[in-house]
Every structure is written in C-alpha cells, then in structure tokens.
**Student:** 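I have a structure I would like to understand better, so I am pasting it below and will then ask my questions one at a time.
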2 protein chains.
Amino acid sequence: MGGARTKRMPRAVREQQMLDAAVQIFGRRGYMVASMDEIAELAGVSKPLVYLYLNSKEDLFTACIRREAAALTEAVRAGVRPDLPADRRLWDGLLAFFAHTAEHPEAWSVLHLHARTHGEPFAAEVAAMRAEIVAFVTRLVAIAAREAHQDPDLPEDEVAGLAEALVGAAESLATWANATPGVTARQTAGTMMNFAWAGLGNLMAGQRWVPEPT
Amino acid sequence: MGGARTKRMPRAVREQQMLDAAVQIFGRRGYMVASMDEIAELAGVSKPLVYLYLNSKEDLFTACIRREAAALTEAVRAGVRPDLPADRRLWDGLLAFFAHTAEHPEAWSVLHLHARTHGEPFAAEVAAMRAEIVAFVTRLVAIAAREAHQDPDLPEDEVAGLAEALVGAAESLATWANATPGVTARQTAGTMMNFAWAGLGNLMAGQRWVPEPT
C-alpha cells in the first residue's frame, strides 16, 4: 500500500468508493460472476486494497446489502411526514420508494434479486430489511384504519396480510418498472395507488368486497 | 436394477414418486442442503435408481420446478370460468391460487424461494411460469377494463403494471400465509380482494386516486 500508488484519502471515503463500484458490478453481473478484479478496477484501486479494507468477496457483498438496505429504508422514511393523512403518507412513501429504486437500479437488483439468489447469510440481511419495511407499512395501515374510525378495528391478521400484499406489490412493480423503458417513478407510484389505496380506502371505510354466494 | 430389489411398477409411476419425495425434501431443506440419499429414502427406492431415471440432482430439481409450475398454473386456470364477471373471476383465481399454495407448501417453497435462490437454469424456469401467470392476469385486467366500458381504455403500461402488482402481492401473501398459523386460503383470498379489487374496481369505474397538489 505504497503512498505513491494510492492517493492519500481517508479510509472511509475509499471504502465508500469500493462499495459504489461493488454495487454496480454485483447488480449487473450477480454475485457469482462478479469479479474482484473488475470491482477494484472500477473503484480505481488495487485488488489487495479491496481485500485489505473489506476482507473477502462475501464480506464485500454483505456490506453492499447493508448499505443499500439502509439507504432504501431511510429514503422511504424520509419521504413520509407523519402529520399528513394516511393516503398522502402512502403516496409519499411509494413515490420515495420508486424514485430510489429507479435512481439506483443496480442497488435494487442487489437487494431484490441477487442477495436472495445466494442463500445465507445474504438472504437473512435482506429479510431483516424487508421485515422492517413490512412493520413500517403495517403501522401505517393500522393507523389509517384507526383514523377511519373502524369499529371494530381490522383484525390483526388482516392488517398484517394487507401490509404483506402492499410490500409484495411494490417489490414486483419496482422490478417491472426498472425493466420497462419510459415508465417513471411517479407513474409507478400512481399505478400502485390506484391498485392499492382505492382498495384499502374502501376497506377503511368499511366497504369490504364480498363474494356472492356460490 | 434387479427385479428383486425394485417392485415391478411402471417407470412413469415411479418417477412421480421420486418427484413427490424430491419436492418435499427440496422444499424443506433447499437445493444445496437436500441430499439424494434422503430423497431416495423417502421415495422408497435406491439412489442409483433415482440417478438412472432423473440423471442428476440438477435435472431432478428442474423436473420438480417444471411439474410444480405446471400444476400451479393449471390449478389457477381450472379455477376461473371465463363466463363469469371479472371480480368473480379474480376471486375464483385467487382462491384457487391460495388453496394450491396452502395445500402444497413445499412446492410453493421450491417455486418461490429455492428455485430463485440458485440462479440459472432454475430461475429461468420459474420466470417462464411467472410470465405466463402475469400474461393471464394482464388479460383479465384488460378484459375487466373493457367490460367497464372505460373510454379511453386504460393505457397498456398501466394494465401491465397492475398485473405485476397483483402477482407480486399474491406471491407475498402466499408466502406469508404459509408461515402464519391459522390463516386459511379463503381469508387470504379475501384480504387480497379487499386490497386489490375494490381498488381495481374503482379504477375500472374511472375513479382514479389523484394526489393533491403539493
């Protein structure tokens, strides 16, 4: 690690550059095919320096997942103002989510596709992030139901199920939007609101969909 | 393959028994950890016979994915009668889907979790099945929009997005329901209809959710 070869730069800054490069390469190629040579080259550092800082390919991938999971959940949280009505909070949260996944398609690939594709410990990192987002959405749905003065409240299982459906729909839409040219984050959030809110909205107002007797 | 060791039974029947056993073991343990010894034991045959019939662990896993993907799409198709109204078709399709995933939790794990967890060629098999289901749901949404005499029709991108959202929500709910004791397929389908149909229903009736100006 001669001072002549690597410019003097704080370790934390260099690490972030390595992670930036790693997310790009892992996101485009997947974990197995991605090479540490390519990551080092894109980061503009030597391969031994990547190993020195981030230890192994596995640790580097785990660091990518953690950083990108934290960035995504933070983006959603930052987008939502708790003082606004429930439909506005959902819209803002969805807009923040789809804007982030559209701006960081490789990060979304790492989280949604590649991390799950390689089993433990990566899948567990993503499952933890997903559980956090589901809990956030569950609270949002429960609060919306309370605001709507539902009496009796929605059963706990139904609230949990609605949150799971919402998160699954958003994941699926984000992946579809990133693969479909010309679809904006705003359009995607609008599709999701038309799909989910008007439905949830009816439910909150006590208007359930009921099957006709067979 | 002495006649004394393996009872005389048509090859096709024995193959199905091997696949039954393989789906159970792959679904419970995942592809990597599952052992051919365990699969052969559960199927009540010798390990060499499994290799003779199904060639390799990879081919056996692929055969499981194909069989279970076909069974799931067939269950959904068989549940839907094209002469009924759109909401009834969606309800029937969802009920068939959640009943099938609840009755065959290991098969659902193979398709949704484990097949994607091990990259190509398995992920491609599941992607093909998913594309078929998305196309089926896309037609259903497009027909529902036409029935609702929407003029102008929903844009193609929005129909495709709604179908992706619906499939993603159903996948997420099926996995959640199988992990949550006491939730029935009928309850899950009801949650999904409350989430999706009343929302889609409003949309079909021309009632979009519109964000207030910021």
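Residue numbers begin at 1 in each chain, while the letters A, B, ... track the order of the sequences.
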**Student:** With a 4.5 Å cut-off on side-chain heavy atoms, are A:Glu164 and B:Thr191 touching?
**Tutor:** no

**Student:** Distance check, rounded to the nearest 0.5 Å: A:Leu162 atom CG versus B:Trp176 atom CH2?
**Tutor:**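 Going from the CG atom of A:Leu162 to the CH2 atom of B:Trp176 covers 8.5 Å.
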
**Student:** If you count heavy atoms of other groups shown closer than 6.0 angstrom to CD of A:Gln17, is the number above 12?
**Tutor:**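 More than 12 heavy atoms, drawn from other residues, nucleotides or ligands, come within 6.0 Å of this atom.
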
**Student:** Which bit of B:Thr180 comes within less than 4.5 Å of chain A, counting heavy atoms only: side chain, backbone, both or neither?
**Tutor:** side chain

**Student:** Which atoms form the tightest heavy-atom contact between B:Gly168 and A:Ser172, and what is the distance?
**Tutor:**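 Minimum heavy-atom contact is CA-CB, 3.5 Å.
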
**Student:** Can you tell which part of B:Leu166 gets under 4.5 Å to a heavy atom of chain A, answering side chain, backbone, both or neither?
**Tutor:** both

**Student:** Should we count CZ of B:Arg66 as having more than 12 external heavy atoms under 6.0 Å?
**Tutor:**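 No, the 6.0 Å shell around CZ holds no more than 12 heavy atoms from other groups.
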
**Student:** If you take all heavy atoms of A:Ala169 and B:Ala165, which pair is closest and at what distance?
**Tutor:**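 Of all heavy-atom pairs spanning A:Ala169 and B:Ala165, the closest is CB-O, 3.3 Å.
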
**Student:** For B:Gln16, I'd like to know if atom CD has over 12 heavy atoms of other residues, nucleotides or ligands within 6.0 Å.
**Tutor:**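 Atom CD in B:Gln16 is crowded, with more than 12 foreign heavy atoms closer than 6.0 Å.
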
**Student:** So for B:Ala160, is it side chain, backbone, both, or neither that comes closer than 4.5 Å to the heavy atoms of chain A?
**Tutor:** both

